[in-house]
Amino acid sequence: MSDIEDLLPDGSARSVPEGATGLDLAGAIGKRLAKDALAAQINGDLKDLSVALRAGDHVAIVTPSSELGREIIRHSTSHVLAQAVTRLWPGAHYAIGPSITDGFYYDFELPGDAHFSDGDLERIDAEMRSIIREDQPFTRAEFSWADGLALFADQPFKLEIINAVASGGSAEDLDEVDASVVSTYANSPTFRDLCRGPHVPTTSRLGHFKLTRVAGAYWRGDEKRPQLQRIYGTAWESEAALEAHLEFLVQAELRDHRRLGQELDLFSFPSEIGPGLAVFHPKGGTMRRIMEDYSRNRHVQGGYEFVNTPHISKEDLFLTSGHLQWFADGMYPPMELDDGQKYYLKPMNCPFHVLIFKSRQRSYRELPLRFFEFGAVYRYEKSGVVHGLTRVRGMTQDDAHIFCTREQMAGELASLLTFVLDLLRDFGLADFYLELSTRPEGKAVGTDAEWHEAEATLADVANAAGLELVMDPGGGAFYGPKISVQARDAIGRTHQMSTIQLDFQTPQRFDATYISADNARTQPIMIHRALFGSVERFMAVLLEHYAGNMPTWLSPEQVRVLGVRNDHDAYATSVAEALRRDGVRVTVEEASEPLGARIRKAKLEKVPYILVVGDDDVAKGTLGVNQRGSNDPERGVALAEFRQRLNLEIAEHGSPEVT
RNA sequence: GCCUGGGUAGCUCAGUCGGUAGAGCAACGCAUUCGUAAUGCGUAGGUCAGGAGUUCGAAUCUCCUCCCAGGCUCCA
């Protein structure tokens, strides 16, 4: 038997005996690596460790603490989950079980009309751990189509996947299985799954997992097909990594905007009003006002003109716009008047702005026209999707429509994108990428040429912005493609923020025209854009980004002044008055409770500055400054100095924690 | 809309076998006057989401409706 040479990721060559496997190679490199190895990446393809190497292969050994390693662990854990379920519920059908971000899931259909309930997770977990203790190998075997069909004769979902792949297959199916043969992994004589692999060598390599929830999921993601039950879990390479992830989930929950909304007394959703319909309390109302005022000022500077439109309209308007044809299900049902006329709550502001454009004859000299409105819109979201302030049934869009010529379009889009990013940065979001959503198949109006031009224009502008660009094929609106700005928040989650949509259709549908330089009636290009998206959603994102510790300029209460004793209250009040004259939102809490208790309350309310004033301060005209996020109060700060610092911080949109 | 859970005081939650409800915090009152994350004592607070049913008796069991959560589908 002769040796062969293979290449390692660092470019070096390593010789191993002919017929050696990935595991042998790992062993040749080091004992520790052989112990850790999960799989091998051979010439770019992920393979089981047991696969034999050929001369000249480029081989990388996949270890647990890499992204690929975690993916394999998660995928293998999902197989263990499926086996556990089939042991506990003989006759259960298992559908698909991929790895996902941070974990895995598997979809099941239980025999009879059985369903998982939350309590079953514990039993399944115990069964999974016993499978892991059994140290079962993941054994790959390949079969012909016919043998594959026979093998999974009692697994209808597997049969459907095999048949789909045999007859061409979709990308989704090919992800699950290989195109050429039916490949399977068997863990034991009683459990075999259809899978392309690779997997960890044996189940004992797994175990740092937690089943998190049971959910419903449609087979093949199709609402009209049977609903299966999905079990989600998270899995990691070590107990420490698992613990760290669970802690991350706890931290994420602490900054949930719905929780903060209640704790900070910002808003609520009274059930008397209805799902997805928020009321803003005084503090939330203040925060909104500051956000809106700031946005208004920026729009004035940006050359926008302010318009106002009603909340309801006759049905014809939405027939002309096309919204009723496409989105009737998503609109509140009509109010029908005595004469049979139907009125709808508006789900969008655009048709109204088009009518303002059309209210008189327009000249090319007026363009671009930029109409801005904080427009309240109502959408009848399905009951299961309503979520806090991020998915509501009534919201306020910072909506504008720009009417311009074809020639102006590219420049207008480019300056708009700058305007958007500047505004988002002013609110403290800094980490962005762009997403380009293109024509939705079977749900679009307009010609191929128009779509092509619109998509190409947006792509150019997006590329010119120098940000990462992600494609979202088919994600556009029915009337045109869009760019959306995605922002990463303080703990790395992404949120869709602003959208910019290009629209050649609406002006056509409404027959909106201007008189061009050559005296011809010409259709303008319409750009839809919302920077906050909705004021409600934007507030939610900011709350989660800052974990409720809003920068001082956005804090509903910026300063609270506390006298040490009752006889300091008068001085505290005079300090507050001085700050209030600067426009600062400040309150005084009288000394009817111990100082420590009042400080605690103010800290829990996340007030950026707590000023404590006592004998020394009354005598010298100073303050004790307790800054949010600091455990080290500053004593004897002159009032004038504090005012200067605070006013500067507010003007610069700063936050006390940022030093 | 669908699947699985849930709804008890303002908030967070306990409530055993079906025997008419409890804590902590908050609120209110009185006392306390205090230098950086909880002063003490007392008081009040409930249509156990709503409705119907089973039962001598329902927060507890059954059904319906509303609302909430986690997912799926959807998102102009």
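Sequence lines set the chain letters: A, B, ... in the order given, protein chains first and strands last, and positions in each chain run from 1.
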Taking the minimum atom-to-atom distance to the side chain of A/H387, which one of B/G70, B/U36, B/U73 wins?
B/G70

Within the 4.0 Å heavy-atom criterion, would you say [X] contacts the bases, only the backbone, or no part of the nucleic acid?
{"X": "A/P347", "value": "base"}
{"X": "A/D616", "value": "base"}
{"X": "A/L604", "value": "base"}
{"X": "A/Y105", "value": "nothing"}
{"X": "A/R598", "value": "nothing"}

Give the residues of residues 563-572 of chain A touching RNA chain B, defined as any heavy atom closer than 4.0 Å, sorted by residue number.
A/V564, A/R565, A/N566

Earlier contact from the 5' end, RNA chain B, for A/G476 and A/S383
A/S383

Considering only nitrogen or oxygen atoms on both sides, find all protein atoms under 3.5 Å from nucleotides 8-15 of chain B and state each distance.
unit_1 : atom_1 : unit_2 : atom_2 : d
B/C11  : O3'    : A/Q262 : OE1    : 3.1

Residues passing the ring-ring contact (aromatic ring centres under 6.0 Å, His included) test with A/F108, sequence neighbours excluded, are A/Y106, A/F116

Both distances under 3.5 Å, Watson-Crick or G-U wobble: report the partner of [N], or none.
{"N": "B/U12", "answer": "B/A23"}
{"N": "B/C61", "answer": "B/G53"}
{"N": "B/A31", "answer": "B/U39"}
{"N": "B/A76", "answer": "none"}

Tabulate atom names and distances for all N/O pairs under 3.5 angstrom spanning the protein and nucleotides 3-6 of chain B.
unit_1 : atom_1 : unit_2 : atom_2 : d
B/C3   : O4'    : A/Q227 : OE1    : 2.9
B/C3   : O2'    : A/Q229 : NE2    : 3.3
B/C3   : O2     : A/G216 : N      : 3.1
B/U4   : O2'    : A/D118 : OD1    : 3.2

When rounded to whole Å, the CG to P distance for the pair A/D222 and B/G1 reads 19 Å

Can you list every salt bridge (charged side-chain N to carboxylate O under 4.0 Å, His left out) pair that touches residues 93-103 of chain A, not counting sequence neighbours?
none

When the ring planes of A/H401 and A/H353 are compared, do they come out parallel, tilted or perpendicular, using 30° and 60° as the limits?
perpendicular

Atom pairs under 3.5 Å: protein N/O with N/O of nucleotides 30-32 of chain B:
none

Counting distance alone, no hydrogens or angles: does the base of B/G35 have a donor or acceptor under 3.5 Å from a partner atom on the side chain of A/D615?
no

